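One structure below.
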Amino acid sequence: MTINIRALAAKCCYAVIDQGRSLSDELPRQQDKLMGKDKGLLQEICYGVLRYLPELENDVRHLVQKPIKGKQRVFHFLLLVGVYQIRYMRIPDHASVSETVSATKTLKNNHMKGLVNAVLRGFLRTLEAENKLENKTNKNLPDPIKYNHPGWFIKKLQQGYPEQWQAILDANQRRPPMWLRTNQQHHTSEQYQTLLIEAGIEIAKVEANSQAIALVKPLDVAKLPGFDQGWVSVQDGAAQQAARLLDCQPNDVVLDCCAAPGGKTCHIIEQTPDITSMTAIDIEEARLTRVHENLDRLGLTAEVIAADAASKDWWSGEQFDRILLDAPCSGTGVIRRHPDIKWLRKADDIDKLVILQQQILDNIWSLLKPGGTLLYATCSVLPEENSQQISHFIEQNEDAQLIAINSNNPDTDENAIGWQLLPDAENMDGFYYAKLLKIK
């Protein structure tokens with residue numbers, strides 16, 4: 001029996017939006033039922049629905065007399081799947097309609113067939129009328145529908161970035177590039193670029209500070225030269241700044257807090273293989289499986305511990321020379337990679353995260369040797385998690401001194417509290433870094 005991709009997409013979006021599940025967890029579960037290119041089509045539909053959710057909801061709202069609730073709720077998401085295909089994908093309209101209508105059988109409710117068919121055909125007529133208008137009708141729409149982001153988040157961006165908030169929202173709607181990190185134990189970035197060119201893989205750019213490589217088109221990692229041999233890893237260009245900024249030295253004792261899935265852990269060891277030791281901790285033991293897998297593929301060694309960074313229960317008592325604290329955060333800098341963040345994250349989550357970050361920062365600071373360096377990092381764009389968090393910490397700790405990052409990043413304001421990268425800066429994710437010296 002042929003598996004209906006639209007039915008799987010509806011189930012996936014329903015699980016994320018109505019049941020609060022992570023797209024990173026739910027999508028692979030549904031993709032396991034498919035083969036080859038069908039996996040990619042399912043991903044495209046799910047990501048698209050989550051990127052344009054308010055707009056699609058608005059489209060459907062005008063065509064359905066009563067909201068679809070209860071046991072039939074999944075059919076609401078099937079309508080969103082159909083509308084997304086018609087509005088944004090190159091699939092012919094007749095195929096979008098017929099395949100989406102066919103999904104009602106897979107979802108075991110033929111009674112919904114007529115409704116789905118009527119709504120999608122009604123939307124085609126609406127779209128045809130819309131396209132005849134010289135001026136688009138979305139100018140007067142509320143901001144959440146116009147920009148496809150929750151209202152609370154738009155307001156926070158307007159407060160924090162009065163000149164840039166629209167650019168951030170636009171960047172979040174774009175598809176992210178695939179960035180590569182060369183394992184310096186095998187090749188230099190220049191050498192690996194040659195291998196890519198020889199393999200017919202196009203390079204879009206190379207980031208100057210980290211030598212991270214962005215590809216023109218994403219591809220299966222199996223096609224990357226030497227991936228299984230540990231020659232290369234996939235990691236965004238912004239995340240690749242961490243190892244450079246931490247600047248570990250030979251014989252350093254290093255700690256990576258909140259380390260899963262281990263990309264930064266591995267990058268630090270690749271760059272400085274003669275450190276004395278690397279300890280990687282994360283509170284979620286299940287996520288440490290990925291850390292072990294990455295270490296094994298790259299042939300690297302670290303002590304990996306399931307531990308709460310806000311406590312000392314796991315600590316041996318030996319202080320660290322260098323600490324990377326990749327703090328739990330809102331993830332608002334990586335929405336283009338994880339569009340479900342827009343709908344899973346709530347406004348009141350931010351205050352809770354700020355308190356947790358403070359607790360972890362206070363605890364981890366005590367594990368740092370006098371004269372040691374701590375690099376605070378988040379994949380957030382919200383000032384309260386970033387510059388405001390670090391400013392408060394420095395005020396509360398006389399032995400904490402901010403180290404300017406602008407020496408390696410000339411475009412950074414020398415008076416800035418840390419380094420805030422916004423989404424799409426050099427086509428990288430949104431990220432924040434602050435480097436702190438523990439005064440002796």
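Atom set for the values below is all heavy atoms of this structure, side chains included, hydrogens, waters and symmetry mates excluded. Note that the structure is a prediction, hence the values are computed from the model and not measured.
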Fill in: Verdict with supporting geometry, K156 and E384, side chain to side chain contact (heavy atoms under 4.5 Å, CB included)
CA-CA 10 Å; K156 279 191 175 291; E384 50 261 65; 2.6 Å; yes
Pair [X] + [Y], salt bridge at N-O below 4.0 Å:
X: R90; Y: E44; value: no
X: D424; Y: R336; value: yes
X: R297; Y: D228; value: no
X: E318; Y: K369; value: no
X: E55; Y: R87; value: yes
X: D399; Y: K440; value: no

More than 12 heavy atoms from other groups under 6.0 Å of [atom1] on [X]:
X: E398; atom1: CD; value: no
X: Q19; atom1: CD; value: yes
X: Q164; atom1: CD; value: yes
X: K312; atom1: NZ; value: yes

To check you understand the geometry: which heavy-atom pair defines the closest contact between [X] and [Y], and what is its length?
X: I364; Y: A309; result: CD1-O, 3.5 Å
X: M428; Y: G237; result: SD-C, 3.2 Å
X: T373; Y: L246; result: O-CD1, 4.3 Å
X: R29; Y: D25; result: CG-O, 3.5 Å

Practice prompt. Report the C-alpha distance between Y433 and F431 in whole Å, list the side-chain angles of each, state the deciding distance to 0.1 Å, and finish with yes or no for ring pair (Phe, Tyr, Trp, His ring centres under 6.0 Å).
Written response: CA-CA 7 Å; Y433 290 106; F431 240 82; 5.4 Å; yes
Do any N or O atoms from the side chain of [X] and from the backbone of [Y] form a donor-acceptor pair under 3.5 angstrom?
X: Q240; Y: Q235; result: yes
X: Q191; Y: T188; result: yes
X: D282; Y: A306; result: no

Item to complete: May I ask you to check whether Q193 and S189 show a side-chain donor-acceptor distance below 3.5 Å?
Response: yes
Worksheet, complete the sentence: So OG1 of T378 and CG of L325: to nearest 0.5 Å the spacing works out to 10.0 Å
Worksheet item: Between W231 and H186, what is the ring plane arrangement, given parallel below 30°, perpendicular above 60°, and tilted in between?
Response: tilted
Item to complete: Please test N386 against Q420 for side chain to side chain contact (heavy atoms under 4.5 Å, CB included), starting from the C-alpha separation and ending with a verdict.
Response: CA-CA 8 Å; N386 297 338; Q420 179 70 69; 2.9 Å; yes
Worksheet entry | For R73, salt bridge (charged side-chain N to carboxylate O under 4.0 Å, His left out) partners two or more places apart | D18
Practice prompt. Using the ring of W152 (Phe, Tyr or Trp, six-membered ring only), decide whether K346 places NZ or CZ under 6.0 Å from its centre and within 45 degrees of its axis.
Written response: no
